[in-house]
Number of protein chains: 2
Amino acid sequence: MNKQTVTIYDVAREAEVSMATVSRVVNGNTNVKPSTREKVMKVIEKLDYRPNAVARGLASRRTTTVGVIIPDITNLYFSSFALGIDDIAAMYDYSIIMANADQGREEKVVTDILSRQVDGLVYLGHTMTDKIRHEVERTRTPIVLAGMIDPEGKMPSVHIDYESAVAEAVSRLFDQGIEDVAFISAPEYQVDDELGRFNGYKKALASHNKDLDSALCLTAENSRYRAAEEVGQELIDSKAQAAMIIGDELAAGVSNYVQDKGLKVPEDISIVSSNNSIITEIVRPQLTTIAPPLYDIGAVAMRILTKLMGDKSVEEEVIENKNILPYKIIVRDSTK
Amino acid sequence: MNKQTVTIYDVAREAEVSMATVSRVVNGNTNVKPSTREKVMKVIEKLDYRPNAVARGLASRRTTTVGVIIPDITNLYFSSFALGIDDIAAMYDYSIIMANADQGREEKVVTDILSRQVDGLVYLGHTMTDKIRHEVERTRTPIVLAGMIDPEGKMPSVHIDYESAVAEAVSRLFDQGIEDVAFISAPEYQVDDELGRFNGYKKALASHNKDLDSALCLTAENSRYRAAEEVGQELIDSKAQAAMIIGDELAAGVSNYVQDKGLKVPEDISIVSSNNSIITEIVRPQLTTIAPPLYDIGAVAMRILTKLMGDKSVEEEVIENKNILPYKIIVRDSTK
DNA sequence: TTGTACGCGTTATCAC
DNA sequence: GTGATAACGCGTACAA
């Protein structure tokens with residue numbers, strides 16, 4: 001297991017300087033005479049020396065590593081966030097420890113990642129439990145939520161106003177004369193989150209003087225394509241002539257299902273999706289959808305995190321607690 | 001920036017034992033009297049002590065962290081690998097440092113990740129440059145390639161026999177009486193990789209006494225959905241009545257494009273895709289496709305890596321250099 | 001501009 | 001079973 005062999009000390013000896021000087025050279029400290037800097041650089045080259053980031057992390061108490069908690073990498077919704085996070089992180093020379101936090105493993109995952117002394121955390125989960133909150137606060141690790149908002153309003157977050165987005169999309173259906181619009185999603189989206197999707201649905205109902213009809217709130221097992229069958233049938237059996245569906249895979253699945261059953265989209269049933277991933281363009285008819293700037297949400301979250309982690313140059317900057325990015329609604333062929 | 005405050009030393013003092021004993025307790029060493037173990041545990045609980053993984057990594061020279069190099073997180077092909085890797089890694093309590101290595105940044109990314117003293121590496125790239133090879137060998141870090149094979153045969157790898165898979169899929173088209181089958185892919189798949197897709201195409205041609213026609217080898221800019229337009233038109237303009245397409249997004253794009261242009265799939269053009277991601281089921285007609293066990297490839301790669309990293313329990317086990325997993329071919333409606 | 005010496009929090013090697 | 005004590009490789013006052 002002898003991996004790294006050449007240390008800063010070896011370089012110092014070979015270059016006939018102290019390790020402090022080598023350290024200065026490596027870290028770009030200006031207080032080094034150009035000639036010695038060059039001498040050290042040559043030895044570094046010759047010995048093929050690479051700084052040990054672990055030792056560096058221990059000594060400096062900064063690991064230049066951020067943790068990313070993600071519920072499902074294979075879900076385009078989340079991986080688009082991740083790409084934005086990764087790009088900005090790379091730009092600032094941070095590495096990313098990424099952990100897939102499926103089905104309630106979030107707490108273990110967070111604890112573990114914190115023990116690795118990450119400088120910051122981007123959290124893409126659905127729920128923020130008290131335990132997680134406590135862990136994060138205990139270690140005083142900066143955290144930014146992406147794609148959700150802290151119910152307690154303490155943690156900074158980046159999100160879009162899904163409430164307005166859904167309200168707008170659903171209202172548009174009502175305004176077309178559609179009487180009954182179903183709301184279809186996995187269980188985790190059928191709650192009263194701040195700026196949440198379900199709230200938007202209820203808001204649209206209210207503004208059109210309609211009551212919430214639980215028969216029109218359809219719950220899919222999860223947000224994946226295959227979960228659409230059961231809920232698709234429920235949609236057909238309902239009186240709805242349109243559906244607001246959370247999750248592109250689910251929406252595509254429902255659209256395909258109802259068409260396989262002989263219905264026409266949008267003539268018989270209009271469908272609106274929520275994330276504008278490439279799936280909404282692949283499926284036919286192409287889906288009208290809310291278009292959140294997923295990549296940007298990730299990128300902005302990471303950018304805020306770098307500030308929180310104290311790139312001292314920006315210490316004076318004001319950091320908003322809730323960063324709400326603009327969304328669009330893209331009308332395609334799945335609605336009239 | 002004072003994050004972690006309570007150390008192993010604090011626990012030792014409070015429990016009136018030495019830090020060595022605390023370390024033993026934390027690491028489950030059996031050589032400790034049950035009563036003192038209990039005493040220490042209580043203090044750990046009381047002080048809410050968490051081991052510092054960075055210090056541990058420095059002292060033990062093991063970080064229980066593996067690096068994953070991935071060309072594009074938002075590509076379902078790769079993220080499916082990643083999920084398999086992550087699941088097995090979690091099982092063995094390894095954390096994952098994941099780096100998106102787009103457009104030739106692989107070398108920087110690998111160098112950086114190695115400086116973080118990862119215990120192993122899973123490499124999902126397309127190309128293994130000499131520089132990367134050198135970096136990895138210099139640090140003696142175990143590595144496993146997933147979804148590719150080391151051209152030099154030195155590094156262990158997990159893959160499927162895409163050559164046979166493509167050959168089988170294309171031969172099937174020929175056997176149906178189709179005269180001309182196009183091969184469509186991004187540039188990186190139009191090379192002579194071992195067990196490579198392009199080789200499979202040529203193999204099928206050869207076994208049916210056909211010559212390679214460069215007019216039938218169509219190159220898309222990349223593997224994404226939107227890259228399909230141009231190449232889709234080229235397909236229409238060619239004499240091909242079928243296409244073997246590498247990448248599900250690209251295949252879906254081509255399928256949609258030719259249909260938008262008035263052609264019928266499979267009546268006018270048959271289409272075969274390569275990865276069996278959910279996209280092949282979303283698009284209509286559903287795509288006939290090669291079905292590689294993506295998740296399993298990632299999982300097996302990670303499992304092999306754990307052995308290479310020396311879980312001593314398996315030190316005697318023989319490790320294959322090339323691990324070829326079985327594939328399937330799933331026939332759907334995009335072929336006759 | 002450069003060097004000395006201590007500290008970061010843990011593991012590991014000895015003794016006892 | 002337990003406890004000193006020396007690494008691990010580097011950053012960083014503080015001195016010079």
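Each chain gets a letter, A, B and so on, in the order the sequences are listed, and its residues count up from 1. We use all heavy atoms of the structure for the numbers below, so side chains are in, but hydrogens, waters and symmetry mates are not.
When heavy atoms are screened at a 4.0 angstrom cut-off, B:V17 is found touching the sugar-phosphate backbone but no base atom. Using a 4.0 Å heavy-atom cutoff across all strands shown, A:S23 reaches at least one base atom of the nucleic acid.
Residue B:S60 has no polar side-chain atom (N or O) positioned under 4.0 Å from OP1 or OP2 of C:dT11. Side-chain nitrogen and oxygen atoms of A:T21 include none within less than 4.0 Å of the OP1 or OP2 phosphate oxygen of C:dT2. B:T7 has no side-chain polar atom (N or O) that falls below the 4.0 Å cut-off from OP1 or OP2 of C:dG9. OP1 or OP2 of D:dG11 lies within a sub-4.0 Å distance of a side-chain N or O belonging to A:R56.
Per the geometry, CZ belonging to B:R50 stands 17 Å off C1' belonging to C:dT10, to the nearest Å. The nearest whole Å value for the distance from the CZ atom in A:R62 to the P atom in D:dC10 is 18 Å. The nearest whole Å value for the distance from the CD1 atom in A:I8 to the P atom in D:dG9 is 12 Å. Spacing between atom OH of B:Y9 and atom P of D:dT5 amounts to 11 Å, rounded to whole angstrom units. A:Y49 has its OH atom 8 Å from the C1' atom of D:dG9, to the nearest Å. As a whole-Å value, the separation of A:N52 CG from D:dG9 C1' is 6 Å. Distance, A:R61 CZ to D:dG11 C1': 11 Å, rounded to whole Å. The CG-C1' distance, from A:L114 to C:dG9, rounds to 17 Å in whole Å.
Closest to the side chain of A:A59, out of C:dG9, D:dG11, D:dG3, is D:dG11. Across C:dT11, C:dG3, C:dG9, the shortest atom-to-atom separation from the side chain of B:N27 is found for C:dT11.
Here CZ of A:R13 is found 8.0 Å from OG1 of A:T7. Values are rounded to the nearest 0.5 Å. To the nearest 0.5 Å, atoms CD1 (B:I143) and CE (B:M155) are separated by 4.5 Å.
Partner of B:E135 under the salt bridge (Lys or Arg N to Asp or Glu O under 4.0 Å) criterion, chosen from B:R138, B:K131, B:R133: B:R138.
Taking every heavy atom of residues 29-38 of chain B and every atom of DNA chain D, pairs under 4.0 Å involve B:N31, B:V32, B:K33, B:T36, by number.
Residue B:R24 places a side-chain atom within donor-acceptor reach of the base of D:dG3, judged by atom type and a 3.5 Å distance cut-off alone.
Between the side chains of A:T64 and B:R116, at least one donor-acceptor pair of N or O atoms lies under 3.5 Å. B:T129 and B:E106 share no side-chain donor-acceptor pair at under 3.5 Å.
By the 4.5 Å heavy-atom criterion applied to side chains, B:M148 and B:E194 are not counted as neighbours. For the pair A:V158 and A:L145, the minimum side-chain heavy-atom distance is 4.5 Å or more. Residues B:I97 and A:I96 form no side-chain contact, since every pair of their non-hydrogen atoms from C-beta on lies 4.5 Å or further apart.
In this structure, B:L58 and B:M19 both approach DNA chain D, and ranking their closest nucleotides by distance from the 5' end singles out B:M19.
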